Amino acid sequence: MKIQGEENNEGILIELGKRIKDIRINRSLTQEELAHNAGLSFSTVVRVENGEGSNIVNLMKILRVLNLIQNFDLLVPEQQPGPEELFKNKPKRQRASKRKKDTEWKWGDEL
């Protein structure tokens, strides 16, 4: 199931738990191994996989063991600077300087 944003919180937790379980099984890890490697209790891993919820720190520990922690960057992407910030930090342009009037232009062979 693709999470569209229309689901309620419980539905999203169940889907995330299912995905974590599928990835854990795909990587040939038992719940006990995942719990041990993440520094969590066995019951915490079971609750997360059942979609019963947990705190974000526990989720981060599980994702770190599954090598998925970098996906948090997709969860809350870094904001790019807005137009005002870009304009504020842009250096001022320098105008071209005028030629000095007392210097007359010459060809290179006229010395």
Side-chain angles (χ1 to χ4, degrees):
M1 171 177 104
K2 185 163 176 70
I3 298 173
Q4 300 289 329
E6 300 169 0
E7 304 81 5
N8 62 24
N9 292 345
E10 291 174 11
I12 293 172
L13 286 173
I14 290 170
E15 179 61 24
L16 290 176
K18 179 186 175 306
R19 290 181 188 187
I20 288 171
K21 181 178 180 179
D22 291 344
I23 292 168
R24 175 186 57 77
I25 292 170
N26 189 9
R27 301 208 177 149
S28 302
L29 285 170
T30 65
Q31 288 175 319
E32 293 88 0
E33 290 170 328
L34 178 57
H36 175 75
N37 293 341
L40 300 171
S41 69
F42 172 77
S43 61
T44 298
V45 171
V46 170
R47 280 195 316 271
V48 169
E49 288 186 356
N50 288 336
E52 295 175 14
S54 186
N55 64 44
I56 196 163
V57 174
N58 291 343
L59 179 61
M60 290 170 58
K61 289 178 179 181
I62 290 171
L63 294 179
R64 191 176 307 281
V65 171
L66 297 174
N67 295 319
L68 296 172
I69 194 70
Q70 70 278 5
N71 291 343
F72 262 93
D73 197 40
L74 298 173
L75 182 63
V76 183
E78 183 178 356
Q79 293 298 301
Q80 300 299 320
E84 291 177 4
E85 282 294 317
L86 292 173
F87 183 73
K88 183 171 71 173
N89 295 332
K90 188 175 180 179
K92 290 188 176 185
R93 292 177 46 185
Q94 286 187 329
R95 295 181 169 250
S97 60
K98 295 182 179 180
R99 289 187 179 197
K100 296 180 181 178
K101 293 185 178 185
D102 59 325
T103 310
E104 194 174 311
W105 187 83
K106 297 180 183 181
W107 288 101
D109 58 352
E110 300 175 6
L111 293 175

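Nothing here was measured: the structure is a model prediction, and the numbers come from that model.
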Salt bridge (charged side-chain N to carboxylate O under 4.0 Å, His left out) contacts touching residues 38-52 (sequence neighbours left out): Arg24-Glu49
Selection residues 60-81 - residue pairs positive for salt bridge (charged side-chain N to carboxylate O under 4.0 Å, His left out), sequence neighbours left out: none
Report whether Ile69 and Ile20 are members of the same hydrophobic cluster (ILVMFWY, side-chain heavy atoms less than 4.5 Å apart, transitive linking). yes
Determine, using the 4.5 Å side-chain heavy-atom cutoff (strictly less than), whether Phe42 and Val48 are members of one ILVMFWY cluster. no
Linking I/L/V/M/F/W/Y whenever their side-chain heavy atoms sit closer than 4.5 Å, directly or via other members, would Leu59 and Val65 fall into one cluster? yes
Quick check: is Leu75 connected to Leu13 through a chain of hydrophobic side chains (ILVMFWY, heavy atoms under 4.5 Å apart)? no
Shared hydrophobic cluster, Ile12 / Ile14 (ILVMFWY, side-chain heavy atoms < 4.5 Å): no
Could you grab the distance from atom CG of Leu29 to atom NE2 of His36, nearest 0.5 Å is fine? 11.5 Å
Is the count of non-hydrogen atoms from other residues, nucleotides or ligands lying under 6.0 Å from Glu33 atom CD greater than 12? yes
Less than 4.5 Å apart, any side-chain heavy atom of Asn71 and any of Leu63? no
The criterion is side chain to side chain donor-acceptor pair (under 3.5 Å); which residues satisfy it with Asn37, sequence neighbours excluded? none
Measure the spacing between OG of Ser41 and CD of Gln31 and express it to the nearest 0.5 Å. 11.0 Å
